[in-house]
Asks: 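Sharing a structure with you now.
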Amino acid sequence: MPFIRIDALHADSERLEALGRAVHEAMIATIGIPVDDRFQVLTSHDGSRSTLRHDPSFLGIDHDDMVFVAITLRGGRTPEQKKALYRRIADLAHQYAGVEPRNVLITLTENEPLDWSFGNGVAQYAEQEPVR
Amino acid sequence: MPFIRIDALHADSERLEALGRAVHEAMIATIGIPVDDRFQVLTSHDGSRSTLRHDPSFLGIDHDDMVFVAITLRGGRTPEQKKALYRRIADLAHQYAGVEPRNVLITLTENEPLDWSFGNGVAQYAEQEPVR
Amino acid sequence: MPFIRIDALHADSERLEALGRAVHEAMIATIGIPVDDRFQVLTSHDGSRSTLRHDPSFLGIDHDDMVFVAITLRGGRTPEQKKALYRRIADLAHQYAGVEPRNVLITLTENEPLDWSFGNGVAQYAEQEPVR
C-alpha cells in the first residue's frame with residue numbers, strides 16, 4: 001500500500017533501481033508490508049529543467065547529493081516502526097546505491113484505509129482497521 | 001480543488017490527455033467537484049531515468065501496465081463517494097485511454113479548507129466547512 | 001522541514017530557480033522556517049509527455065500559465081500564518097519569476113514531527129511537539 005516517490009539528481013537507471021529496492025526492502029523489514037506491495041515512482045533529475053534544491057547544512061547535517069523519499073501510507077505505525085524504517089532506508093540506500101545516509105531525506109504522509117484502490121476500481125482496504 | 005498527479009509509463013500525449021480527462025470527469029460525476037475545478041500534473045515516464053515500479057500480483061491483482069493516480073483533496077467525502085470515485089476512474093480510464101481497470105492505482109490524501117490557495121495569494125476556502 | 005514540489009510549464013532553469021527562491025523566502029518570512037531548511041523538487045513540463053492541465057476560470061480567476069506549489073509540512077500553523085504564506089508566495093513568484101499572482105496554486109499537506117527524517121536515518125523531530 002505505500003505509494004512512494006523517490007527523487008534523485010543525476011542518477012542513472014541502475015542507481016534509481018537500487019534506491020527503489022532499498023526503500024522497498026526497508027519497508028518489508030520494518031513496517032511489515034507484503035513483499036509484493038510495491039508502488040514507486042522513481043525520477044532522476046537533470047539539474048536544469050528538472051532539479052532538486054536543498055541547503056547544504058540543515059540541522060548541522062552536511063548534505064551534498066541528496067535523495068528525497070516521499071512515502072504515502074496508511075496511518076497507524078508506531079514511533080518505533082517509523083524510526084526503524086528511517087534507519088533501514090538510510091542503511092540500504094548506502095549499501096545498494098552508494099548514497100551517504102546523511103543525504104537521505106524521508107517524509108511520511110498518512111491516510112486512511114478507504115483512501116486506497118489497488119485496481120479494478122475497488123477500495124480493497126475499505127473494511128480494514130487502520131494499521132496498528 | 002483536488003490537485004492530481006497522474007503517472008504512467010510510455011504514455012503518449014493523447015493517452016495522458018485521456019487519463020486526465022477520465023479522472024476529471026469521474027470526480028465531477030461522483031464527488032461533485034465543479035467542472036472547472038481541474039488542476040493536474042500528467043507525467044509519462046520513459047522507463048529509464050524516470051520510471052514506475054510495481055509488483056505484478058499484489059492482492060492477487062494481475063498488474064502489468066500500471067497507472068498511478070494520486071489525489072489531494074479536502075477531507076469529508078463519504079465512503080460511498082470514495083468507492084464510487086474509484087469505480088468511475090477505473091471505468092473511464094478504460095473507456096478513454098484503454099487502460100485495464102486492474103492496472104489503476106488510486107490514492108487519496110485529505111487536507112483542510114485552509115490548505116488551499118487557487119490564485120492571488122488568497123485562501124479562497126478559508127471560511128468554508130470541510131466537505132460533507 | 002517543508003518538502004516542496006513546484007511544477008511549471010515551459011519554465012527555463014532561471015525561472016525554476018526564481019520560483020524555488022520565492023517559495024523558500026516566503027516560508028522563512030511567514031511561517032518561521034530556518035533559512036537552511038530547504039528541500040525542493042522543481043520540475044518544468046514540456047507540454048507533451050509531461051504537462052499540466054487546468055481550467056482557465058475556476059472561482060472566477062482567469063488562469064493561464066499556472067504554477068503548482070505543493071507543500072508538505074508539519075501541522076500546527078495558524079490560519080493567519082497560512083494566509084500570510086499564500087500572499088507572500090504569490091507576491092514573490094511575481095517579483096522573482098514574473099508569474100502572475102492569479103496563476104499560483106498552492107496546496108498544503110500536514111503531517112507530524114515523527115514523519116520526518118532529514119538524514120542519517122534519524123527522526124530528528126521525534127521528540128518535538130507539533131508546531132504551534
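Quick caveat: nothing in here was measured; it's all calculated off a predicted structure. A, B, ... follow the sequence lines: proteins, then strands. Residue 1 opens every chain.
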Asks: I need the single residue from C:Q40, C:R21, C:H24 that forms a side-chain contact (heavy atoms from CB on, under 4.5 Å) with A:R53. Which is it?
Replies: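 Exactly one candidate clears the test, C:Q40.
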Asks: Looking at A:R88, I'd like to know if its CZ atom is crowded, meaning that more than 12 non-hydrogen atoms belonging to other residues, nucleotides or ligands lie closer than 6.0 Å.
Replies: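 Incorrect, the count does not exceed 12.
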Asks: Hey, which of C:N111, C:V122, C:L114, C:V35 has the most heavy atom pairs under 4.5 Å with chain A?
Replies: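 Looking at each of C:N111, C:V122, C:L114, C:V35 in turn, C:L114 comes out on top.
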Asks: CG of A:D7 to CZ of C:F39: how many Å apart, nearest 0.5 Å?
Replies: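 Here the interatomic distance stands at 14.0 Å.
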Asks: Please look at C:L16 and chain A and tell me whether the side chain, the backbone, both or neither of the residue comes under 4.5 angstrom of a heavy atom of that chain.
Replies: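 Just its side chain gets close to chain A.
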Asks: Check whether A:I89 gets within reach of chain C through its side chain, its backbone, both or neither, counting any heavy atom under 4.5 Å.
Replies: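 No part of it gets close to chain C.
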Asks: Where on A:A70 is there a heavy atom nearer than 4.5 Å to chain C: the side chain, the backbone, both, or neither?
Replies: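 Interface part for A:A70: side chain.
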Asks: Look at A:D91, A:T109, A:L59 and state which one has the largest set of heavy-atom pairs under 4.5 Å with chain C.
Replies: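 Going by pairs under 4.5 Å, I would pick A:L59.
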Asks: Which heavy atom of C:G119 sits nearest a heavy atom of A:H63, and at what distance?
Replies: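 Nearest heavy atoms, C:G119 then A:H63: CA-CE1, 4.5 Å.
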Asks: What's the separation between atom CZ in C:F3 and atom CZ in A:F68, rounded to the nearest 0.5 Å?
Replies: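 C:F3 CZ to A:F68 CZ: 6.0 Å, rounded to 0.5 Å.
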Asks: Taking C-beta and beyond as the side chain, do A:R5 and C:V41 meet within less than 4.5 Å on heavy atoms?
Replies: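 SC-SC contact between A:R5 and C:V41 ruled out.
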Asks: So for A:H94, is it side chain, backbone, both, or neither that comes closer than 4.5 Å to the heavy atoms of chain C?
Replies: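 A:H94 has no heavy atom closer than 4.5 Å to chain C.
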Asks: Using a heavy-atom cutoff of under 4.5 Å, enumerate the residues of residues 43-51 of chain A that contact chain C, numbered in order, or state 'none'.
Replies: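 Residues of residues 43-51 of chain A touching chain C at under 4.5 Å: A:H45, A:S48, A:R49, A:S50, A:T51.
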Asks: Measuring heavy-atom distances to chain C, does A:K82 have an atom under 4.5 Å in its side chain, in its backbone, in both, or in neither?
Replies: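 A:K82 touches chain C through side-chain heavy atoms alone.
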Asks: Only pairs of heavy atoms separated by less than 4.5 Å count here; which of C:S117, C:G20, C:A11 has the most with chain A?
Replies: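 Heavy-atom pairs under 4.5 Å are most numerous for C:S117.
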Asks: Of all of A:H54, A:E110, A:E100, which one pairs up most often with chain C through heavy atoms under 4.5 Å apart?
Replies: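 Maximum pair count with chain C is reached by A:H54.
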Asks: Who wins among A:R102, A:K83, A:M66 for the most heavy-atom pairs under 4.5 Å with chain C?
Replies: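 The option with the most such pairs is A:R102.
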Asks: Select one option (side chain, backbone, both, neither) describing which atoms of C:R15 are under 4.5 Å from chain A's heavy atoms.
Replies: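 Neither part, no heavy atoms under 4.5 Å.
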Asks: So which of A:V104, A:L108, A:I71 has the biggest tally of heavy-atom pairs under 4.5 Å with chain C?
Replies: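 Maximum pair count with chain C is reached by A:L108.
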